[in-house]
Every structure is written in structure tokens, then in C-alpha cells.
Amino acid sequence: MLQINIIRDNPGYIIERLAIKNFKAESIVENILQLDKKRRELLKLLDAMLAESNRLAKEIGVLYQQGKADEAGKMKARTAELKEQSGLMSEELDQVQQQMQEELVLLPNLPAAIVPPGKHAEDNEIVNHGGKVPEVDWPLLPHWDLGSKYGILDFELGVKITGAGFPLYRGKGARLQRALINFFLDEAVKAGYTEYQPPYVVNEASAFATGQLPDKEGQMYFAPVDKLYLIPTAEVPITNIYRDVILKQTDFPLKNVAYSACFRREAGSYGKDVRGLNRLHQFDKVEIVQISHPDKSYQVLDEMVEYVITLLNKLELPFRVAKLCGGDMSFASALTYDMEVFAAGQQKWLEVSSISNFEAFQANRMKLRFKNEEGKTELAHTLNGSALALPRIVASLLENHQQPDGIRIPDALVPYTGFNFIN
RNA sequence: GGAGAGAUGGCCGAGUGGUCGAAGGCGCACGCCUGGAAAGUGUGUAUACUCCAAAAGGGUAUCAUGGGUUCGAAUCCCAUUCUCUCCGCCA
């Protein structure tokens, strides 16, 4: 959520910047400014009324103490009148404030200055790449074929037990999952992140704070009896640690990492993009979250991208890094880098991590602040990214490291798997 | 699930209708003291919105949350949520 004072001070700038995200903000900004003006007018009147009310109440108290009950009684008429008026006015104010809030949550975050203009993924800028795409003279299989060939992945069984998008991992396939989770967590801890084990279900307030509610409600699994949501990412519980918190400057940088299963309904997904492990309803992910001083957040973002690159290098996967264009960025992000790995069996690039700086956008919504040099409270910046999401990493690992007679495990992972070949 | 007790500032804790945004203590910040530190001592120390060109200063709201009674609520009433204790159940 954008801060109202920024909109008030420079509405033209907001409209201009949001155009980079192909978002037409004119009418919303106009509505917000009007509502804000109305709100402040009402607030001024209401406060004056309440102030008078408070003053009279005190005077009446003094009169009673002095035994002047009849004088006090006369003043009560005025307070009753004030009470009725202020009641009506505060209802009106609530309404205006709610309307303003509804408009405010419609505005996406402003893109950072270096975000390239553009409409689609094709307009993204590739800013880095590495690793080698395998060149072999035998046919490379997609991971779903490799999965059944070596008995490590079972999609049909998942359909029987739960439904599409809930595969089972078996034998070395299951052990590979466990190894990757531990590998990612250990690497993050070595890089200075604090490990957390969060709840997998969250309440409404948490889902709202990270922006899943109200508009992405349909994307989450929901347990109505207890009004709890299954998390779509560990970002939700981990970022919510800091909801309604005022940090000290010395708390920065806050670096957290968490493994969790992630649950996504993926309503509306279909077709070839959802084949195999490419898109699932339940998957494993290790997520990194940083809370940063506003002056440092872009430095932190670069650091996070560099960190994920080291992971991809250790897994010996061909990758590329894209700086997202305005049109491809998410609602809350100010700058996003997508990390993609090449899946040689499908001949496709798969997104395995999306690392974003949200600046103060999330922090504003969940009131995450810190005391700055002058002792004033100021919004902190939040950042997060996958490091990494397992299914597409597994897909790419299987497809790129396949041999005619099995699948090679990269050296960095062997201490975690306990084996170096799947056949 | 049943019965009972409770929820006050960063923390502990006082406060049962007015002078209470809230005693006292701890913590923290700054100063004094000291060669330096500790101890001691003094001062300060919630958040949001808003008025004012800004600073200074003022107003309003907030004692779990929402509603009610009252001229006036941290204090009384109702509902909700959460915590603790005991009983039951249980990996």
C-alpha cells in the first residue's frame, strides 16, 4: 500500500511512475485525493466537537463536586447534543476512511527508477547468465519420463490419493527432496540467515498483511471451521513476524530463512505449463526474507541475487537472470529479478526464484517500522526471494544431469543425498 | 471439551467512575560525578491521525478487540479473541 502523504504531496509523480507498470492511476488517485480532503475536514470538525465535549464533562464534574447539581444539569443538554452530532459525524468519517482504504489498496507499488518499460515477459532484460546447457548426441528426456523410468516420481498415485498437482516422490526421489531442503537451509545459514520453522497455516490478519487478502483469496486453501489459510509461501508467516513492530536501527539487517511446504490452488492454470513438476498445488520451498534500512535495500537486493546465483552454480545448472519490465512485475514489487534455469529435456526456461524489493509497500500495510537517527518512526523495507523452490530445480536437475544410464548428482549435493547416481 | 482466573506502556506492576496517557520499578537515551568504568545522581523516554509554512506548541483517539451504560470509563455491563490453572482427551 502506498503512503497517503506521498500521494497527497505528488499525485502527478505517482501517475507517471505507475504508467511504467502499464497502470492507469489517474481516476484512483483523483478519488483518493478527494476522499482524503473530505476525511481531514470531517476529522477537524469531529475533533473540535469531542474537545468541547471533554471540556464540558470536566466542568460538570467540578460543578457536582461543588454541589451545584442544577447548573450541571443545564450543561448536560449541550453534551447530549454534541454526543449525537459527533456520533453521526464519526460514522460518516469511518465510511470515508473505509472508502479511501479501498481505493488505496488498488494502487500497485511504484517501480524503481531502473525498471525497464515493457508489457510482457519478452520485454524483460537479461542481466546475467551462467552454467552450460548440455550438448549430447542422444535424446534428452523430460523429467516426467525420467521420473517414471527410475521410479522416483509418481503423478498418478498423487491423483489417486489427493488430485492433480500432488505428486509423490519415491526412494531416491524422496531422498533428493530432503537433501535439497537441507542443502538450501545450510547454505543460507552459512550466508548469515537465521533459520525459522514457521506455521503452515495463518490467520486472516497475516494473510492480509502480506497482500494475499483480499484480492488473492481464491489462490489459497482455506479451513473455514477455524478461519485459517494454508500458506502459499513461507514469506507469509516469516514476514508477519514483524507485523506491527518497531525495530531499532541496530536490528538491521534482518536476514531470515525458512523451509516450508507451499500450497497453491492455482485456479485457472492449465495446459503445457502445468505438466509434470512445472506447476503444483503443493511443493517445497526454502525462502529468504530480509528486512532492511531504506538506504540499504537495493544493495541487499543485489546481495540476494548473488547469493542465489551461487546456489545455482553449486547445482551446476544453466541459468539466466532477468530484470523484470514494468508490465511483468508483481503488484507489490518495486524491482524484481527472476532467476530461470534451463530444463534441457523440455528445452524450456523455468522460473525458480523471483527476488524482489518491496521497499515500504508491504511495510506500510503491516506497520513495520524502525526508529531512525532522529528518533522518528519510519517504514522499513522488505525483500524476499526463493532460495530455492524445489520442483523446477528437481526438473532441471534431472533433465540436465541425465546420462544414458541414469542421473548424475552434482558434487555439492552428494554429502546430502548420500548417493551420486540415480538409476 | 468442562470449570475457574486473567489481559494495563519495551518489560514488571499499581490503579474499581472525574484531577489518568496512566503511580512505582526495571530497561533504554542524554547529562553530572569518575583518571576510566561500576555504583550513585538528575532529566527524558508510547503510537496513530490531525491543526500550524515549519519548529515550538495544540487537538483527537488508543489500558486485548468490538459494542453498551454515563455529563464523564483503564475502572461498570454485554459479546468476541487470547493467556494461565485444574479436570478430561491425546502424538
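In what follows, chains are A, B, ... by sequence order, proteins preceding strands, each numbered from 1. Remember, predicted model here, so these are calculated numbers, not experimental data.
Annotation: B/C76 and B/G15 have their C1' atoms spaced 15 Å apart (nearest Å). A distance of about 28 Å separates the C1' atoms of B/C82 and B/G24, rounded to the whole Å. For the P atom pair drawn from B/A7 and B/C12, the interatomic distance equals 12 Å after rounding to whole Å. Look at the P atom in both B/U65 and B/G10: the space between them is 13 Å, to the nearest Å. Using atom C1' as the reference point in both B/G13 and B/A53, the two lie 45 Å apart (nearest Å). For the C1' atoms, the distance linking B/C26 with B/U80 amounts to 34 Å, nearest Å. B/G66 and B/G9: their P atoms are spaced 15 Å apart (whole Å). One C1' atom belongs to B/A74, the other to B/A14, and the distance between them is 12 Å to the nearest Å.
The nearest whole Å value for the distance from the CG atom in A/L45 to the C1' atom in B/C49 is 15 Å. Atom-to-atom, NZ of A/K376 to P of B/A29 comes out at 21 Å; the value is rounded to the nearest Å. Note: CG (A/D94) to P (B/U62) measures 13 Å, nearest angstrom. Note: CD (A/Q249) to P (B/A29) measures 14 Å, nearest angstrom. For A/D244 and B/U62, the CG to C1' distance is 13 Å, given to the nearest whole Å. What separates CE of A/M49 from C1' of B/G59 is a distance of 14 Å, to the nearest Å. Taking atom CG on A/L50 and atom C1' on B/G58, their separation rounds to 15 Å, with Å as the unit. Distance CD1 (A/I246) to C1' (B/C28): 15 Å, rounded to an integer number of Å.
In a base pair of the Watson-Crick type (N1 to N3 plus N6-O4 or O6-N4) or a G-U wobble (N1-O2 and O6-N3), with each distance short of 3.5 Å, B/A38 is matched with no nucleotide. Base pairing of B/U69 is not made with any nucleotide, judged by Watson-Crick or G-U wobble geometry with both donor-acceptor distances under 3.5 Å. A 3.5 Å limit on both hydrogen-bonding distances identifies no Watson-Crick or G-U partner for B/A74. As the counterpart of B/G10, B/C26 is assigned, both hydrogen-bonding distances of the Watson-Crick or G-U wobble pattern falling under 3.5 Å. Under the Watson-Crick or G-U wobble criterion, with both distances below 3.5 Å, B/A3 is paired with B/U85. Remark: B/A61 base-pairs with B/U47; criterion is Watson-Crick or G-U wobble with both hydrogen-bond distances under 3.5 Å.
Here the CE-NZ distance, from A/M75 to A/K68, works out to 11.5 Å after rounding to the nearest 0.5 Å.
The side-chain contact (heavy atoms from CB on, under 4.5 Å) test with A/L180 is passed by exactly one of A/L315, A/D284, A/V286: A/L315.
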Would you mind writing out the side-chain donor-acceptor pairs for residues 234-244 of chain A within the sub-3.5 Å range, not counting sequence neighbours?
| from | atom 1 | to | atom 2 | distance (Å) |
| --- | --- | --- | --- | --- |
| A/E235 | OE1 | A/N384 | ND2 | 3.3 |
| A/E235 | OE2 | A/Q362 | NE2 | 2.9 |
| A/E235 | OE2 | A/N384 | ND2 | 3.2 |
| A/T239 | OG1 | A/E235 | O | 2.6 |
| A/N240 | OD1 | A/R243 | NE | 2.7 |
| A/N240 | ND2 | A/S206 | O | 2.9 |
| A/N240 | ND2 | A/V236 | O | 2.8 |
| A/Y242 | OH | A/N256 | ND2 | 2.7 |
| A/R243 | NH2 | A/S206 | OG | 2.9 |

Distance-only check: which donor-acceptor pairs under 3.5 Å involve side-chain atoms of residues 156-172 of chain A, not counting sequence neighbours?
| from | atom 1 | to | atom 2 | distance (Å) |
| --- | --- | --- | --- | --- |
| A/R170 | NH1 | A/G151 | O | 3.0 |
| A/K172 | NZ | A/F421 | O | 3.0 |

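Summary of the strand contacts: A/I4 and A/V62 both lie near RNA chain B, and taking for each the nucleotide with the nearest heavy atom, the more 5' one is attributed to A/V62. Nearer to the 5' terminus of RNA chain B, by closest-nucleotide assignment, is the contact made by A/L43 (compared with the other of A/A51 and A/L43).
Note that A/K255 lies in the cation-pi zone of A/Y193, set by a 6.0 Å cut-off to the ring centre and a 45° limit from the axis.
Identified under the side-chain hydrogen bond (donor to acceptor under 3.5 Å, both in side chains) test for residues 412-423 of chain A, with sequence neighbours left out: A/D186-A/Y416. Legend: salt bridge (charged side-chain N to carboxylate O under 4.0 Å, His left out) pairs involving residues 146-155 of chain A, not counting sequence neighbours: none detected.
Minimum atom distance to the side chain of A/K371 is reached by B/A46, of the listed B/A48, B/A46, B/U50. Here the side chain of A/D47 is nearest to one of B/U50, B/A48, B/U60, namely B/U60.
Classified by interplanar angle (parallel below 30°, tilted 30° to 60°, perpendicular above 60°), the ring pair A/F370/A/F252 is perpendicular.
In this view, A/K285 and A/E287 satisfy the salt bridge (Lys or Arg N to Asp or Glu O under 4.0 Å) rule, not counting sequence neighbours.
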For nucleotides 71-81 of chain B, tabulate all protein N/O to nucleotide N/O atom pairs closer than 3.5 Å, reporting atom names and distance.
none

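Distances shorter than 4.0 Å separate some side-chain N or O of A/N54 from OP1 or OP2 on B/U60.
Using a 4.0 Å heavy-atom distance criterion, A/R369 is classed as a sugar-phosphate-only contact. At the heavy-atom level, A/R78 lies nowhere under 4.0 Å from the strands shown.
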